[in-house]
Student: 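The following block contains the structure, expressed as structure tokens.
Values below: every heavy atom of this structure, side chains too, minus hydrogens, waters and symmetry copies. On a predicted model such as this, the values are computed, not experimentally measured, just so you know.
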Amino acid sequence: RAHPFSLAPSLMGERVSIGNPPWMPPGPTAQIGTLTLSVELLPLLTGSVHLQRLELRDATLQLLRAADGRANWQSRPPGSSTAGPPLIYSLLVPNARVQLHDDRRHLQFAGTVSAGNSADAHAALPFEIKGEGTLNDRPVKFTIQGSSLTAVKRSAPYAFQFTEDSSGSHLSGRGVLTRPLDVRYLNTSFEAQGVDLKDLYFLIGVAFPDTGPYRLSGRLEREGLHFKYSGLAVTSGESDMQGTLSVDSTSGRPNFTAELQIGRASCRERV
């Protein structure tokens with residue numbers, strides 16, 4: 001059912017199926033019981049999409065990314081320039097069933113994800129995404145809280161914070177999306193702790209050595225396929241590591257640059 005003649009044209013569809021784009025193998029990206037959306041007309045006339053409302057009910061999402069970076073959630077063919085996702089002023093996704101197979105980040109997730117206003121009416125960051133299921137075959141829970149979507153705009157950073165728990169490790173942080181609502185451009189601090197550093201694999205898909213109890217902290221700046229980790233500090237027992245790490249994946253293969261100090265607090269080695 002469509003209402004096109006309005007300052008906020010709207011559309012409501014039932015039993016909606018969205019197939020994979022041409023750059024991915026055939027299959028479904030999403031199956032949605034009820035989809036409701038409305039778009040602001042004036043930005044649309046200038047080529048910009050602002051979603052006044054997006055609601056997905058009874059949704060199943062099959063999200064795929066290949067090792068070369070091709071993904072079925074991309075809106076344009078790989079290699080195309082894009083301004084990022086549209087601004088969304090109201091988002092409601094209750095209990096979506098999500099399957100994620102990410103060969104690039106080595107992440108496999110199966111579970112449920114909900115998005116919408118926080119249940120805490122007085123929360124400092126009133127928008128919330130919550131998920132629960134298995135990540136890399138281990139139980140996981142995560143929460144992302146962000147600023148209200150009603151006031152989001154391109155010219156201002158979007159604040160968020162997050163927590164994630166799995167396999168005895170806890171990861172948390174806070175920061176901003178420097179280009180709302182585009183996760184390819186962010187600046188965030190983070191902390192992690194747990195019984196063994198190798199368990200972080202089950203949270204972020206990166207293999208670490210077997211260490212015993214650990215603490216990790218630092219800062220991440222991302223601009224597209226450039227990642228910079230600064231202020232890194234890892235401690236486990238009497239061992240520690242500090243320094244910076246940069247990763248450039250623009251060529252399709254990650255290129256690492258690191259300046260690290262490794263050893264005991266009383267005897268560091270520079271590498």
Side-chain angles (χ1 to χ4, degrees), residues 8 36-40 43 48-57 59 61 63 73 83-98 100 102 105 107 109 111-133 135 139-166 169-194 200 203-205 215-224 227-232:
T36 305
L37 65 85
S38 60
V39 182
E40 288 193 346
S48 180
V49 179
H50 293 187
L51 297 181
Q52 190 176 78
R53 179 188 178 198
L54 177 60
E55 183 176 324
L56 309 178
R57 292 188 178 274
L61 308 180
L63 305 179
W73 60 79
L87 294 182
I88 303 174
Y89 300 115
S90 177
L91 175 64
L92 178 62
V93 185
N95 299 315
R97 297 170 293 278
V98 178
L100 168 68
D102 188 340
R105 304 293 182 205
L107 299 175
F109 173 79
T112 59
V113 178
S114 297
N117 291 333
S118 171
D120 181 359
H122 302 289
L125 298 174
F127 178 70
E128 187 172 71
I129 300 173
K130 300 187 74 171
E132 182 173 0
L135 182 64
V140 66
K141 292 182 179 180
F142 63 87
T143 300
I144 304 170
Q145 295 173 308
S147 301
S148 173
L149 294 179
T150 57
V152 68
K153 52 186 177 181
R154 297 286 188 201
S155 60
Y158 180 80
F160 70 93
Q161 62 187 30
F162 63 91
T163 61
E164 188 176 11
D165 294 273
S166 180
S169 282
H170 174 78
L171 175 66
S172 63
R174 62 176 61 240
V176 296
L177 299 178
T178 56
R179 298 188 186 182
L181 300 161
D182 194 338
V183 297
R184 299 172 303 167
Y185 299 89
L186 60 83
N187 190 324
T188 180
S189 61
F190 59 87
E191 296 181 350
Q193 58 184 330
L200 271 183
L203 285 179
I204 61 177
R215 295 183 67 90
L216 165 68
S217 62
R219 187 162 202 90
L220 166 62
E221 298 173 67
R222 178 182 181 184
E223 292 190 6
F227 301 79
K228 181 180 180 181
Y229 299 86
S230 59
L232 285 174

Student: Side-chain contact, heavy-atom cut-off 4.5 Å: Tyr185 with Leu177?
Tutor: no
Student: Determine whether Leu135 and Glu164 make a side-chain contact, defined as any pair of heavy atoms from C-beta on separated by less than 4.5 Å.
Tutor: yes
Student: So, the side chain of Arg154 versus the backbone of Pro180: is there a donor-acceptor pair under 3.5 Å, distance only?
Tutor: yes
Student: Do Trp73 and Leu61 have side-chain heavy atoms sitting under 4.5 Å apart?
Tutor: no
Student: With Ser148, which residues qualify under side-chain hydrogen bond (donor to acceptor under 3.5 Å, both in side chains), at least two apart?
Tutor: Thr150
Student: When rounded to the nearest 0.5 angstrom, what is the spacing between CG in Leu216 and OH in Tyr229?
Tutor: 10.5 Å
Student: Considering all heavy atoms of both residues, which atom of Phe109 and which atom of Glu132 are nearest to each other, and what is their separation?
Tutor: CZ-O, 3.9 Å
Student: Taking atom OH of Tyr89 and atom CD of Gln52, what is their separation to the nearest 0.5 Å?
Tutor: 9.0 Å
Student: For the pair Arg57 and Glu55, find out whether any cationic side-chain nitrogen is under 4.0 Å from an anionic carboxylate oxygen.
Tutor: yes
Student: Quick one: does Ser166's side chain have a donor or acceptor within less than 3.5 Å of a partner on Pro139's backbone?
Tutor: yes
Student: Nearest 0.5 Å, please: how far is CD1 in Ile129 from CD1 in Ile144?
Tutor: 5.0 Å
Student: At what distance, to the nearest 0.5 angstrom, does CD of Glu191 lie from CZ of Arg215?
Tutor: 6.5 Å
Student: Would you please test Phe162 and Leu171 for side chain to side chain contact (heavy atoms under 4.5 Å, CB included) and show each step?
Tutor: CA-CA 8 Å; Phe162 63 91; Leu171 175 66; 4.0 Å; yes
Student: Out of curiosity, Leu91 CG to Glu128 CD, how far, rounded to the nearest 0.5 Å?
Tutor: 12.5 Å
Student: Would you call Leu220 and Leu186 a side-chain contact if the rule is heavy atoms closer than 4.5 Å?
Tutor: yes
Student: Answer yes or no: is there a side-chain heavy-atom contact under 4.5 Å between Leu149 and Ser90?
Tutor: no
Student: Do other residues, nucleotides or ligands put more than 12 heavy atoms under 6.0 Å from Arg97 CZ?
Tutor: yes
Student: State, to 0.1 Å, how close Ile88 and Leu181 come at their nearest heavy-atom pair, and which atoms those are.
Tutor: N-CD1, 3.8 Å
Student: Do you know the tightest heavy-atom contact between Ser172 and Thr163?
Tutor: CB-CG2, 4.0 Å
Student: Give a yes or no answer on whether the side chain of Ser189 reaches the backbone of Arg219 with a donor-acceptor pair at less than 3.5 Å.
Tutor: no
Student: What closest approach, in Å, do Ala8 and Ser38 show between heavy atoms, and which atom pair accounts for it?
Tutor: O-CB, 4.2 Å
Student: Might you point out which heavy atoms bring Leu56 and Pro94 nearest each other, and give the distance in Å?
Tutor: O-CD, 3.1 Å
Student: Contact between Phe142 and Val113 at the side-chain level, heavy atoms closer than 4.5 Å - yes or no?
Tutor: yes
Student: How far does CD of Gln145 sit from CZ of Arg174, to the nearest 0.5 angstrom?
Tutor: 9.0 Å
Student: Are Phe160 and Thr188 packed together at the side-chain level, in the sense that at least one heavy-atom pair is separated by less than 4.5 angstrom?
Tutor: yes
